[in-house]
There are 2 protein chains.
Amino acid sequence: MPGPTPKEFLNYIDSHADGFIKRLSDAVAIPSISGDATHRKDVFAMADWLNGQLKQVGVDTKLVDLGRHTMDGEDLPLPPAILGQIGNDKGKKTVLIYGHFDVQPANKSDGWDTEPFTLTIDEKTGRLIGRGSSDDKGPILGWLNVLQYHHEKKVPLPVNIKFCFEGMEESGSEGLDELVERESKKGGYFDGVDCVCISDNYWLNTRTPALTYGLRGLSYYKVTISGPARDLHSGVFGRMVHEPMTDLIQLLNTLVSPQGDILVKGVDEMVPRPDEDEKAIYAGLNYSIADVEEAAGASIALSADKVSVLMGRMREPSLSIHGIEGAFSGAGAKTVIPAKVSGKFSIRLVPPQTPAAVDPLVIAHLEAAFAKLGSKNNLTIENLHGGKPWIADHRHWNFEAAKKATREVYGQEPDLTREGGSIPVTLTFAESLGVNVLLLPMGRGDDGAHSTNEKLDKSNFLEGSKLLGTYLYELAAIAK
Amino acid sequence: MPGPTPKEFLNYIDSHADGFIKRLSDAVAIPSISGDATHRKDVFAMADWLNGQLKQVGVDTKLVDLGRHTMDGEDLPLPPAILGQIGNDKGKKTVLIYGHFDVQPANKSDGWDTEPFTLTIDEKTGRLIGRGSSDDKGPILGWLNVLQYHHEKKVPLPVNIKFCFEGMEESGSEGLDELVERESKKGGYFDGVDCVCISDNYWLNTRTPALTYGLRGLSYYKVTISGPARDLHSGVFGRMVHEPMTDLIQLLNTLVSPQGDILVKGVDEMVPRPDEDEKAIYAGLNYSIADVEEAAGASIALSADKVSVLMGRMREPSLSIHGIEGAFSGAGAKTVIPAKVSGKFSIRLVPPQTPAAVDPLVIAHLEAAFAKLGSKNNLTIENLHGGKPWIADHRHWNFEAAKKATREVYGQEPDLTREGGSIPVTLTFAESLGVNVLLLPMGRGDDGAHSTNEKLDKSNFLEGSKLLGTYLYELAAIAK
Ligand SMILES: [Zn+2]
Ligand SMILES: [Zn+2]
Ligand SMILES: [Zn+2]
Ligand SMILES: [Zn+2]
């Protein structure tokens, strides 16, 4: 099905692949970890780098200071948001594009096979391996690739574009909500936007392009047990005092079953059961238990029933225990009684759940569980960050344009998915602008975002760049 | 009560205090952490330093190569043991003195107020603060102080002394058992030893010197749950797969109650209940709940009953959960599902418990608990190291000499204690040599060995040095 997209654009992407990969390599080399104070300067450097790239391809940009915040007790400047625009033709639609240039932490010692901040090209598999390759530097660079063609060849873009790039997505998007809300008002930077496109998630599998119309929300908790004034020797104090680790393990044990059921009363119960129609959507997706197990690298799916496993990710909340801060975490055998330990866990939320509705249940649950222990240690509970879940209308013209573009570039019907992760700003855009938001993923389900050996397949980077450009042309062509 | 100890020796200790503290500072400055491969060279440096010090005060020494071992997958040379002797008079008793020159790990970021490997003298409190100050460099240097007087003043020692110093105590005393067993045989280095003295534990409180006649043993476990081939994103995989952390928390939760009761069936039950006579010993100790809570820095004693709390440490096993390797342990909010997590816990053992008797119970317990979870992840259980508990006859002349020395130096009757920690080599000496072993602590109950801000009080260092010397004179004087 030939589309309105210039063939020359598609060829340009293929013939400029090496340069695009080199640029991705430059981006990955900047360790812009927003959650680590020692890397804050790198998030700023990444903002400068991206700003320079945008200007080079004709985007009119401005850096917006988002103020300061406190992280782990340290007062820090927030990295700037980058706002940009290209085109201002009243006769064209205006699309707002969002991405984030910060990344998750990564150390080679976490189990990476390569240096995480050196983009490594595996010629055999075509994988571009490095932190941020898929989440979310690859997709941002996909847009740059599209813009580079139009700028270099002096081809006018089929739509007006506004950009909103941030550097705090992996740490709760601090400061961005206020910016989006402010700029969405009459006369603001985003005034006049017709629709939004965000490329910051993944295909359901490794074969089928996807459009995503739902995201889970998140509520992230830190539950701390403190007792002794300092770490103690287990020989000297074992069976004399209440040990914080014992108490914390007891609390964490009350949260979730090995089958994934959330044991905090009222949380699972908040979500309505699916009817047969809804189950049919999941049954129709191009997906098998083998896909999740291949992506996870082990036969550990919670169920052999595809629909049940897919619903677990897309329309059920989930609770994961991420780790413990303050306990012995090194190699070897240290006989310590840690004085203060903090369990980290989070709940992924689905409509109608919200952090505001779930937090009191979690806090009451933990306080009641702690009271039952009869411990003399102290309990504190913090919500580190949160975001509401989101659902969009997948029959909107914004989605229809993306469906057409997918057929054109991939020759396939896209999976219509709800995603298990959370990009809280999606909801902010939807609510502030009152327009349709489309999630248009570039990477595959096994990219390993937030994990070791994160990668983006070269073909996803290149075909994905074509898809983003083609989507703009289909957007221009479709009737509102 | 004037003893046989030369007054000049006691005065010498006081008048040379500054030099002794300087020497302790030199010893603490060498970060001889045996459990960290990157510090193995420092354990070797510490052996050289101590060997040089011993030679300077007239000890005839030899370094014994203990071979190599594997730690955290790395093949490493074991630090040498230092054997030494001074005096060979058939008319005198021969005492064997043991100590260890390796230390626990320590980083300022663990919560130290000062640099852990810079001995800091707090003039107000008289505390000598630094890793190893009390465990076990201070006591070793106490012996050096005693020897320095006799060497410098050319005063013959009242007994023959053999020394055995090792650099792997904090990591399971690897290689030492074989050495002690070999050298304890007819014609071996330790042949002819009449008794053993080890200064590597602590007073029960902060006021009363103590002699120790029992030690708990230890069995240290690493229980690993692995599943995914790599860390996963909790948004993408939450409620799709069995999460290793969920499983591990469930397992760790089955081990010990918040009141310290060991829940592994058969472990607590192995220990006979105390009769009224035994309880009377604990009731008589100079000790209160306030002491343990002061040492711990918080009101977190498991009971308000002194006898119950003391028995918890001295004659009951204990189970402590030390931490988790492989989970998220940093600051901030990382939404990871860790792929492979290892819980570290250990059980302190009392007679008649042994690692050989307890290990099968722990393994069977964990395997049964894991089977109940219905998880598709994998379980492995390792015993990282272990040692049997030990009890000595506290009416033996070796103990009587120490009691007299304590009265002489401190003007107090020592507490007769059993200690909660484990020094496995104690049992090796007792069993290999078939002689009485005395534990003669130098430091106080709040020294914080294995913890942050480890310290040795200056008065304990100096009076402790006098005590060690006086003990030698009382040993010489007492009838076998
Ligand atoms: Zn992202
Ligand atoms: Zn991310
Ligand atoms: Zn020690
Ligand atoms: Zn120790």
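Atoms considered below: every heavy atom in the structure, side chains included; atoms not considered: hydrogens, waters and symmetry mates. Numbers restart at 1 for each chain; the letters A, B, ... are given by sequence-line order, proteins then strands. Treat the numbers as computed from the prediction; the structure is a model and nothing was measured.
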Of the non-hydrogen atoms in [X] and [Y], which two are nearest, and what is the gap between them?
X	Y	result
A:Ile289	A:Ala304	CG1-O, 3.6 Å
A:Ser375	A:Asn377	OG-N, 3.0 Å
B:Pro258	A:Gln250	CD-NE2, 3.8 Å
A:Ala106	A:Arg131	CB-NE, 3.5 Å

Taking [options] one by one, which has the highest count of heavy-atom pairs under 4.5 Å against chain B?
options	answer
A:Pro105, A:Gly343, A:Ser308, A:Pro317	A:Pro317
A:Ala295, A:Ser299, A:Gly326, A:Ser303	A:Ala295
A:Gly297, A:Ala331, A:Gly420, A:Gly421	A:Ala331
A:Gly227, A:Gly330, A:Gly374, A:Gly111	A:Gly330
A:Asp231, A:Ile321, A:Ile300	A:Ile300
A:Met314, A:His450, A:Lys340	A:His450

Mind checking the [atom1]-[atom2] spacing from [X] to [Y]? Nearest 0.5 Å is all I need.
X	Y	atom1	atom2	result
B:Leu319	A:Thr246	CG	OG1	7.5 Å
A:Phe345	A:Leu255	CZ	CG	4.5 Å
B:Ser219	B:Asn383	OG	CG	4.0 Å

Relative to chain A, which of [options] shows the most heavy atom pairs under 4.5 Å?
options	result
B:Glu293, B:Glu419, B:Gln104, B:Met245	B:Met245
B:His322, B:Arg348, B:Lys376	B:His322
B:Ala327, B:Gly35, B:Gly445, B:Ser451	B:Ser451
B:Gly172, B:Ser234, B:Ala37	B:Ser234
B:Asn378, B:Ile324, B:Leu252	B:Ile324
B:Leu248, B:Val336, B:Leu384	B:Val336

Counting only non-hydrogen atoms closer than 4.5 Å, does [X] touch chain B with its backbone (N, CA, C, O), its side chain (CB onward), both, or neither?
X	value
A:Arg216	side chain
A:Asp261	both
A:Leu232	both
A:Thr452	both
A:Met71	neither
A:Ser171	neither
A:Glu243	side chain
A:Ala339	neither
A:Lys334	both
A:Asn453	neither
A:Leu218	side chain
A:Pro244	neither
A:Arg313	both

Please report the C-alpha distance between B:Asp135 and B:Lys455 in whole Å, then the side-chain angles of each, then the deciding distance to 0.1 Å, and finally whether the salt bridge (charged side-chain N to carboxylate O under 4.0 Å, His left out) criterion is met. CA-CA 9 Å; B:Asp135 179 20; B:Lys455 60 85 180 171; over 6 Å; no
Please determine if B:Asp268 and A:Arg239 form a salt bridge, counting it only when a charged side-chain N lies under 4.0 Å from a carboxylate O.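 Result for this pair is yes, salt bridge flagged.
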Test A:Thr38 against A:Asp36 for side chain to side chain donor-acceptor pair (under 3.5 Å), laying out the working first. CA-CA 5 Å; A:Thr38 64; A:Asp36 182 339; 2.7 Å; yes
B:Lys222 atom NZ: more than 12 heavy-atom contacts under 6.0 Å: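 Correct, the count exceeds 12.
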Looking only at side chains, do A:Ser346 and B:Thr335 share a donor and an acceptor under 3.5 Å apart?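 Per modelled atom types, A:Ser346 and B:Thr335 side chains form no pair under 3.5 Å.
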Quick one about A:Thr224 and A:Ser342 (side-chain donor to acceptor, distance below 3.5 Å, no hydrogens or angles considered), yes or no?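 Yes, a side-chain donor-acceptor pair sits under 3.5 Å.
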Relative to each other, are the rings of A:Tyr220 and A:His385 parallel, tilted or perpendicular (30° and 60° limits)?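 If you compare the ring of A:Tyr220 with that of A:His385, the planes turn out parallel.
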Identify which part of B:Asn253 has an atom lying under 4.5 Å from any heavy atom of chain A, answering side chain, backbone, both or neither.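 Backbone plus side chain of B:Asn253, per the 4.5 Å heavy-atom cut-off to chain A.
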Using only atom types and a distance under 3.5 Å, with no angle test, would you say the side chain of B:Arg40 pairs donor to acceptor with the backbone of B:Ser34?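 Flag set: sc B:Arg40 to bb B:Ser34 pair under 3.5 Å.
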